[in-house]
Amino acid sequence: MSDLRAPFPYFGGKRRAAPIIWAALGDPGGYVEPFAGSAAVLLGRPTFTGRRVETINDADGWLVNTWRAIRLSPAEVAHHAAGPVTEIDYHARLAWLQERRTDGLVSWLEGDPEAHDAKAAAWWLYVAACGIGDPWGAGPWRVIDGH
């Protein structure tokens, strides 16, 4: 198995299932992960030699933004992710992200393969790491008049 690990926790992640999945798939020349999340299955792929085509995808714009920001601006992501965990910060960051989870987010990402927001990525990671369960449902997280 690969020594690569998912860089963040993900609700519904398949890290522990990856060996079973790869045992069932064998060594395909092409692999598509339609619900990438933390990419735990792809990162758990056994070592191989030769050429392979691997594609990950996810419809969550903030998740895609996070993967891009980790690749393109890792120091800035780390800067904005650092700090103590507080419930107030958790709620504020979650509300901020949910208010901006619009069709425009995906369009912005599709319009430029280097478009990313490192602060938003860090806040997304903060929420993903600090929450219990899946924080991304509709929930009561709204910002009204700055509150």
Side-chain angles (χ1 to χ4, degrees), residues 1-22 24-25 28 30-48 52-147:
M1 279 294 162
S2 168
D3 289 334
L4 296 174
R5 298 270 172 124
F8 51 84
Y10 196 77
F11 185 76
K14 298 171 280 302
R15 179 182 56 83
R16 286 186 240 158
I20 298 165
I21 293 167
W22 287 112
L25 291 176
Y31 172 74
V32 176
E33 177 69 50
F35 307 104
S38 66
V41 173
L42 178 61
L43 293 173
R45 184 179 189 147
T47 303
F48 61 86
R52 302 291 186 275
V53 175
E54 301 166 333
T55 303
I56 62 171
N57 188 40
D58 206 290
D60 184 337
W62 284 134
L63 174 67
V64 172
N65 176 70
T66 299
W67 277 110
R68 278 191 193 172
I70 289 170
R71 181 173 54 87
L72 297 169
S73 302
E76 190 176 352
V77 172
H79 169 75
H80 288 291
V85 175
T86 70
E87 189 171 1
I88 290 172
D89 283 339
Y90 173 83
H91 289 168
R93 292 173 186 195
L94 177 56
W96 187 93
L97 290 163
Q98 292 294 64
E99 284 292 310
R100 288 156 182 82
R101 184 185 297 278
T102 66
D103 291 339
L105 171 62
V106 172
S107 296
W108 172 63
L109 292 163
E110 289 176 337
D112 178 355
E114 293 186 348
H116 67 285
D117 180 328
K119 179 175 78 174
W123 288 4
W124 188 94
L125 289 166
Y126 181 100
V127 169
C130 299
I132 297 172
D134 180 9
W136 307 113
W141 313 118
R142 298 180 345 169
V143 176
I144 301 172
D145 296 330
H147 296 77

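Quick note: residue numbers are just sequence positions, from 1.
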Seminar exercise, completed: Between the NE2 atom in His91 and the CD atom in Gln98, the distance rounded to the nearest 0.5 Å is 12.5 Å

Problem set entry | Contact summary for Ala59 and Val106, nearest pair of heavy atoms | O-CG2, 4.0 Å

Exercise. Taking only residues two or more places apart in sequence or in another chain, which ones pass side chain to side chain contact (heavy atoms under 4.5 Å, CB included) with Ala78?
Worked result: none

Problem set entry | Nearest-0.5 Å distance that lies between atom OG in Ser73 and atom NZ in Lys119 | 14.0 Å

Problem set entry | His116 vs Glu76 side-chain heavy atoms within contact, under 4.5 Å | no

Exercise. For the side chain of Arg100 and the backbone of Leu105, is there at least one donor-acceptor N/O pair under 3.5 Å apart?
Worked result: no

For this session: Measure the spacing between CH2 of Trp123 and CG of Asn65 and express it to the nearest 0.5 Å.
Result: 12.5 Å

Exercise. Minimum heavy-atom separation for Ala120 to Leu97, with atom names?
Worked result: O-CD2, 3.8 Å

Exercise. For the atom pair CG (Leu63) and CG (Leu109), what is the distance rounded to the nearest 0.5 Å?
Worked result: 10.5 Å

For this session: Looking only at non-hydrogen atoms, find the nearest pair between Cys130 and Val85 and report the distance.
Result: SG-CG2, 3.4 Å

For this session: Look at atom CZ of Phe35 and say whether more than 12 heavy atoms of other residues, nucleotides or ligands are closer to it than 6.0 Å.
Result: no

Problem set entry | Minimal non-hydrogen separation, Ala69 against Ala118, with atom names | CB-CA, 4.0 Å

For this session: Over all heavy atoms of both residues, which pair between Val127 and Leu94 is shortest? Give the atoms and the distance, please.
Result: CG2-N, 3.8 Å

Exercise. Does Trp22 use its side chain to pair, donor to acceptor, with the backbone of Val41 at less than 3.5 Å?
Worked result: yes

Exercise. Can you name the nearest heavy-atom pair linking Asp89 to Tyr126, along with the distance?
Worked result: CB-OH, 3.4 Å

Problem set entry | pair Arg101-Asp60: side-chain heavy atoms closer than 4.5 Å | yes

Exercise. Looking at residues at least two apart in the chain, or sitting in another chain, which of them share a side chain to side chain contact (heavy atoms under 4.5 Å, CB included) with Ser107?
Worked result: none

For this session: Any chance you could measure Leu25, atom CG, to Ile20, atom CD1, to the nearest 0.5 Å?
Result: 12.0 Å

For this session: Assess whether atom CG of Asp112 is packed by more than 12 heavy atoms of other residues, nucleotides or ligands within 6.0 Å.
Result: yes

Exercise. Please, which pairs that meet ring-ring contact (aromatic ring centres under 6.0 Å, His included) have at least one residue in residues 60-80, sequence neighbours excluded?
Worked result: Phe8-Trp67

Problem set entry | Approximate separation, where rounding is to 0.5 Å, of Asp58 CG and Glu33 CD | 9.0 Å

